[in-house]
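Structure record follows, encoded as structure tokens.
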Amino acid sequence: MKKEKGENSLYVTQYGMGSNLCYLLKETMKCYPFLLVLCAFSVVIGIVIPVITTFLPKIVIEQITTGTEVKDILIMTVTGTGVLALCAGGKVYFEKLLSFQRFRMNTYYTELVAIKGMTTDYCHQEAERFRKLHTESAGACNGNYSPMIQVYDVGIGLCTGALGFALYFGILARLSVVLVVFLIGVTICSCILNHKAIRFTEKHRDEKVRYQQRTDYLANVSGDIKSAKDIRLYHMNGWLSDVYRKNVEGLNGWYRRYTKTVFGVAVGDSGLALVREIAAYAYLLYMVMEGNMGVADFVLYFGVITGFSAWLSDLFGQVTALSRISSTVNYVRTFLSYPDTYTREGGRELPKASDGPKELSLCNVSYRYEGAEQDTLSEVSLTVASKEHLAIVGLNGAGKTTLVKLLCGLTDPTKGCVRYDGVDVKAYHRDGYYELFSAVFQQFSLLPVTFAEAVAEEDPAKIDRKRVEECLKTAGLWEKIASLPKGMDSEYSRAVNDEGTELSGGQIQKLLLARALYRKAPFMILDEPTAALDPIAESKLYETYHEVMKDCSTVFISHRLASTRFCDRIVLMEEGKIIEEGTHTELLAKQGRYYELYETQAKYYREHPAEGGVSE
């Protein structure tokens with residue numbers, strides 16, 4: 001039965017070691033079953049080599065002491081060493097094959113984690129628990145020695161250790177059951193001691209994740225071109241270095257405590273091993289001195305006791321490692337099974353996008369972010385009519401962006417519902433609902449690919465190049481793109497290609513417009529994408545959107561009231577509520593809050609014409 005771990009904020013599901021092993025085995029069988037065949041061969045080789053190494057000296061010594069012919073002794077020696085050489089070569093060969101196959105599985109798990117991150121309900125991306133689970137899961141698949149693929153090495157070691165233990169147990173049991181029990185008891189004590197290090201890791205994992213998240217973020221910011229100007233102009237390098245150093249010191253403190261724990265465990269483990277070896281070898285010497293054991297048997301049992309202790313230690317060590325891996329797998333499986341609530345299969349059929357936009361309504365909607373003490377939106381009701389151009393304006397923090405996320409279906413309301421064509425959007429297939437929208441957000445995403453790919457956002461073979469050109473012309477960017485050496489096949493940005501082309505803020509907005517036009521969606525959302533532009537540039541760009549989107553329902557978000565005067569209707573938000581709505585002229589005539597804000601902004605631009613005021 002699955003249990004939730006309540007020791008930390010992540011509430012990681014404890015699936016159990018057996019369940020996790022079955023999960024990993026099933027995933028391997030599904031993707032690369034040949035990997036399990038290679039593991040089986042490695043186990044066979046891993047048991048054959050030490051067995052031959054242990055028994056060959058005994059056989060040779062017996063042949064020598066019994067007067068066997070030199071020829072026969074040489075044949076046995078050469079045969080044994082030849083098999084050893086073949087096994088050693090086979091071991092190296094299989095290790096190379098295993099390395100490649102493990103890498104393929106690592107890629108598979110990395111893809112699973114990435115896909116979950118990209119396709120999960122958007123609201124999860126805003127939850128701290130999900131983000132931390134994502135970080136931990138990505139780390140579990142990162143590198144050729146990641147925990148998710150260490151299981152194959154551990155599995156090989158575990159199976160080899162179990163077979164070796166069984167074989168040597170049978171041999172030693174013939175010598176002395178008491179000796180066997182003693183060796184097992186000491187090794188179990190060693191295993192319990194080693195488990196202390198695992199408990200430390202489990203107890204303090206959240207602390208480590210927190211420090212890693214911060215250091216990774218700061219490392220990324222330090223090399224991010226978007227942050228480069230601020231870092232230099234505001235002399236942030238010293239401050240960021242201090243913050244980074246403090247978190248690194250915190251991480252180093254974690255590792256110091258971990259190292260101290262591991263060192264204490266290692267010292268205790270070594271002491272137990274010393275006691276074990278002294279007792280075992282003393283018993284063998286006693287047997288020889290009493291005349292109860294010959295030279296050949298002494299050599300055999302000497303090797304068997306060494307091997308038995310090694311097998312047993314390795315067996316418990318692999319169980320310990322498997323427990324640690326199982327703990328990591330718990331995080332990955334908890335992340336991959338993070339429950340989504342949006343409809344992804346079936347669902348009610350959506351009206352065809354080609355039929356044009358339908359009515360979209362917010363019905364008495366409230367929304368509260370996770371951990372917040374009050375609602376960001378409170379009992380908001382709003383209808384966007386077919387082909388209406390609606391402006392949602394207000395000061396920063398009024399709830400405009402949250403409202404847009406509800407309209408797009410990125411987030412579901414805490415209370416109330418969102419309806420499209422009279423139907424609650426929860427009833428629609430969510431991915432199909434997303435296809436109704438083109439959006440340009442303030443924090444946009446443009447990959448460093450060719451301009452054709454940036455506009456179409458699909459496989460190059462499927463791109464309608466003629467349509468890309470039309471969209472770029474409509475957006476007013478074609479002249480710039482056509483002047484480049486490779487035209488639309490030129491690459492945007494120098495992030496990954498030194499020959500890429502950088503665009504100005506206004507040109508980027510035009511590229512985003514071309515991308516939105518290519519999509520042919522019935523709804524357009526503009527969430528302050530031009531906030532970094534001056535008011536005149538923003539006003540002109542919004543008017544361009546207004547013109548080219550005349551057959552779409554369009555929602556303009558802005559905190560600059562003058563930029564959306566042309567809209568069919570303007571909604572003013574404040575503190576999560578709609579306080580006024582109407583046309584620009586109607587709202588000014590009311591001389592309410594909209595009039596007050598508009599006059600305040602207009603007065604500023606009249607007094608500072610160099611800032612790019614918009615004429616009335």
Side-chain angles (χ1 to χ4, degrees), residues 122-123 350-351 356-369 374-428 430 433-434 436-442 521-529 542 545-546 549-550 552-561 563-588 590 592-595 597-598:
Y122 176 81
C123 58
L350 280 156
K358 305 297 182 182
E359 185 178 88
L360 179 61
S361 302
L362 298 177
C363 305
N364 202 31
V365 162
S366 296
Y367 185 79
R368 179 176 298 187
Y369 284 96
Q374 58 185 16
D375 292 340
T376 301
L377 294 178
S378 179
E379 298 181 351
V380 174
S381 293
L382 176 68
T383 297
V384 184
S386 175
K387 299 184 181 182
E388 179 182 19
H389 285 195
L390 173 71
I392 301 176
V393 299
L395 300 178
N396 292 333
K400 305 185 297 296
T401 295
T402 302
L403 187 147
V404 164
K405 287 190 286 189
L406 293 174
L407 288 173
C408 294
L410 293 173
T411 301
D412 285 336
T414 307
K415 296 179 182 178
C417 67
V418 182
R419 296 182 180 276
Y420 181 69
D421 197 25
V423 178
D424 191 330
V425 299
K426 291 181 181 179
Y428 293 125
R430 193 57 62 100
Y433 183 74
Y434 290 154
L436 298 174
F437 295 88
S438 284
V440 183
F441 296 107
Q442 184 174 349
F523 272 86
M524 167 61 74
I525 303 292
L526 301 171
D527 185 12
E528 299 199 78
Y542 268 23
Y545 274 110
H546 177 60
M549 296 295 176
K550 57 186 177 182
C552 301
S553 294
T554 307
V555 178
F556 297 84
I557 308 295
S558 181
H559 63 275
R560 292 171 178 161
L561 279 59
S563 297
T564 55
R565 294 174 302 165
F566 54 81
C567 289
D568 301 322
R569 183 161 52 112
I570 299 172
V571 170
L572 176 63
M573 294 192 67
E574 194 166 89
E575 296 182 353
K577 296 182 178 181
I578 295 175
I579 59 172
E580 292 180 14
E581 64 177 296
T583 65
H584 175 69
T585 303
E586 290 171 347
L587 290 173
L588 288 181
K590 289 180 181 178
R593 181 61 172 157
Y594 180 89
Y595 173 85
L597 292 174
Y598 182 83

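The first residue in the sequence is number 1, and the count goes up from there. Below, all heavy atoms of this structure are taken into account, side chains as well, without hydrogens, waters or symmetry copies.
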Where Cys552 and Ala521 come nearest, the two heavy atoms and their spacing: SG-O, 3.4 Å
Minimal non-hydrogen separation, Val365 against Pro413, with atom names: CG1-CB, 3.6 Å
Tyr595: ring-ring contact (aromatic ring centres under 6.0 Å, His included) partners, not counting sequence neighbours: none
Leu403 backbone acceptor or donor facing Tyr367 side chain under 3.5 Å: no
Short N-O contact, Arg593 and Glu574, less than 4.0 angstrom: yes
Counterpart residues, side chain to side chain contact (heavy atoms under 4.5 Å, CB included), relative to Lys358 (two or more places apart): Pro351, Asp355, Tyr420, Asp421
Short side-chain to backbone donor-acceptor contact, Lys400 and Met573, under 3.5 Å: no
Considering all heavy atoms, the nearest Asp424-Cys417 contact: OD2-CB, 3.6 Å
Ala385 backbone acceptor or donor facing Ser553 side chain under 3.5 Å: yes
Check: Ser438 side chain, Met524 main-chain N or O, donor-acceptor pair, under 3.5 Å: no
Pairs touching residues 378-390 that satisfy salt bridge (charged side-chain N to carboxylate O under 4.0 Å, His left out), sequence neighbours left out: Glu388-Arg569
Contacts of Thr383 that satisfy side chain to side chain contact (heavy atoms under 4.5 Å, CB included) - sequence neighbours left out: Glu359, Ser361
Selection residues 563-582 - residue pairs positive for ring pair (Phe, Tyr, Trp, His ring centres under 6.0 Å), sequence neighbours left out: His546-Phe566, Phe556-Phe566
Expected output: side-chain Asp568 to main-chain Leu390 donor-acceptor under 3.5 Å: no
Taking every non-hydrogen atom, the tightest pair across Asp412 and Leu406: C-CD2, 3.7 Å
For the student: nearest non-hydrogen atoms of Ala391 and Thr564, plus distance: CB-CB, 3.5 Å
Residues which pass side chain to side chain contact (heavy atoms under 4.5 Å, CB included) with Cys408, listed by chain and number, not counting sequence neighbours: Val404, Leu410, Phe437, Ile525
Side-chain (Thr411) to main-chain (Lys405) donor-acceptor, under 3.5 angstrom: no
Minimal non-hydrogen separation, Leu436 against Pro522, with atom names: O-CD, 3.2 Å
Option passing side chain to side chain contact (heavy atoms under 4.5 Å, CB included) with Tyr594 (candidates Ile570, Val571, Ile579): Ile570
